[in-house]
Amino acid sequence: MTAGKTRRNTGATVTTAALAAAGLGGAAWVMTVARTEQAEPPAACVAARPTDPPGYAALCAALNRPDLPALLGTPKDRVSVAQPALFAFGTATAEVRLGTYVVALTESSTTVEEIAGTSRYLPHSVTLLDHPAQTYSTDAMTFGSDAQGKAGIGPRVERLIAAQDPGVPGGRTFEVAVFRNDGRPVDDATVHRVAEAVFPTLPGWSITSPTSPGN
């Protein structure tokens, strides 16, 4: 993965959103959403910091893919930022921003079973490429969104977490989280589409084989 230099944003920062941790060992991310000039080429992944977990580079390379705008349903957008999460508490997390979307990808020890047992997130059991998974939602928190710089409740963050190994629902997971900074909702189909494209490209993802007839 080629590390890109950090670009100076030409517009004013409009909000900073913190995606709250699931409370089960997941990452917490602080994302500054800013306007940038559309004429610039898509951003490359920022090089890992010495304090970043080793898995960040692979996560960012997998997430910062040329067809990500199309997967989100906005093919004319471009990636303006691709970097480690600012606050990941030892969890490997990459975040990518493009247009009104912010997308984060995490490798975590939080399990599918733990999310399924946390009713306040209203989890829903699904499968992703034959892997056990859960979809759920959390609130983003905004900071500096008014003249006094007070925090508030931001847009809904839609998440999908899936077991890396379909035979071990209590094992390590990959999770994708998506929200729009314009406040519009993100549908489950969009999150599922991104996860289905990205997860199989990640180291550690176990590819399932089709069941043979008669088995």
Worksheet item: Can you check whether Y136 reaches L122 side chain to side chain, under 4.5 Å on heavy atoms?
Response: no
Item to complete: Please report the closest heavy-atom contact between P84 and R49, naming both atoms and the distance.
Response: CB-NH2, 3.5 Å
Worksheet item: For residues T138 and R159, is any side-chain donor paired with an opposing acceptor at under 3.5 Å?
Response: yes
Fill in: Listed partners of P185 passing side chain to side chain contact (heavy atoms under 4.5 Å, CB included), at least two apart
none
Fill in: Spatial distance of atom CG (N181) from atom OG1 (T100) [nearest 0.5 Å]
5.5 Å
Fill in: Partner residues of A133 under the side chain to side chain contact (heavy atoms under 4.5 Å, CB included) criterion, sequence neighbours left out
V126, L128, L160, A162
Worksheet entry | Any side-chain heavy-atom pair of V191 and T135 under 4.5 Å | no
Fill in: Taking every non-hydrogen atom, the tightest pair across L72 and V103
CD1-CG2, 4.0 Å
Worksheet item: If every non-hydrogen atom of A195 is compared with every non-hydrogen atom of P200, which pair is closest and at what distance?
Response: O-CD, 3.9 Å
Discussion item. Under a 3.5 Å distance rule, please check whether H131 uses its side chain to pair with a backbone N or O of S206 as donor and acceptor.
Written reply: yes
Item to complete: State, with a plain yes or no, whether a side-chain heavy atom of V102 is found less than 4.5 Å away from one of V178.
Response: no
Discussion item. With a 4.5 Å cut-off on side-chain heavy-atom distances among I, L, V, M, F, W and Y, is there a chain of contacts connecting V112 to V168?
Written reply: no
Worksheet item: Would you say T118's side chain and E114's backbone share a donor-acceptor pair under 3.5 angstrom?
Response: yes
Worksheet item: Is there a side-chain contact between E175 and T110, using heavy atoms and a 4.5 Å cut-off?
Response: no
Response to the item:
Rounding to 0.5 Å, atoms CG (D187) and NE2 (H192) come to a distance of 12.0 Å
Discussion item. I'd like to know if the side chain of E158 pairs up with that of S137 as donor and acceptor (distance under 3.5 Å, no hydrogens or angles considered).
Written reply: yes
Worksheet item: Considering all heavy atoms of both residues, which atom of T111 and which atom of P169 are nearest to each other, and what is their separation?
Response: CB-O, 3.8 Å
Practice prompt. Just jot down the side chain to side chain contact (heavy atoms under 4.5 Å, CB included) partners of Q164, sequence neighbours excluded, or say none.
Written response: E107, R172, F174
Worksheet item: How long is the span from the CH2 atom in W205 to the CG atom in L202, to the nearest 0.5 Å?
Response: 8.5 Å
Practice prompt. May I ask you to decide if P132's main-chain N or O and T127's side chain share a donor-acceptor pair within less than 3.5 Å?
Written response: no
Discussion item. Side chains of L59 and T106, heavy atoms from C-beta outward: is any pair under 4.5 Å?
Written reply: no
Item to complete: Report yes if the side chains of Y56 and T91 come closer than 4.5 Å at any heavy-atom pair, otherwise no.
Response: no
Fill in: Non-hydrogen side-chain atoms of N64 and C45 separated by less than 4.5 Å
yes
Worksheet entry | Whether D77 side chain and P69 backbone form a donor-acceptor pair below 3.5 Å | no
Fill in: Shortest non-hydrogen separation from V198 to L105 and the atoms involved
CG1-CD2, 3.6 Å
Item to complete: With sequence neighbours excluded, tell me which residues meet side-chain hydrogen bond (donor to acceptor under 3.5 Å, both in side chains) with D182.
Response: R180
Worksheet item: Please walk me through it: do Y101 and V96 pass side chain to side chain contact (heavy atoms under 4.5 Å, CB included)?
Response: CA-CA 8 Å; Y101 279 97; V96 167; over 6 Å; no
Worksheet entry | Pairing residues for D165 by the side-chain hydrogen bond (donor to acceptor under 3.5 Å, both in side chains) criterion, not counting sequence neighbours | none
Practice prompt. Quick one: list whatever passes side chain to side chain contact (heavy atoms under 4.5 Å, CB included) with A116, sequence neighbours left out.
Written response: Q134
Worksheet, complete the sentence: Residues A177 and V157: closest non-hydrogen pair is CB-CG1, 3.8 Å
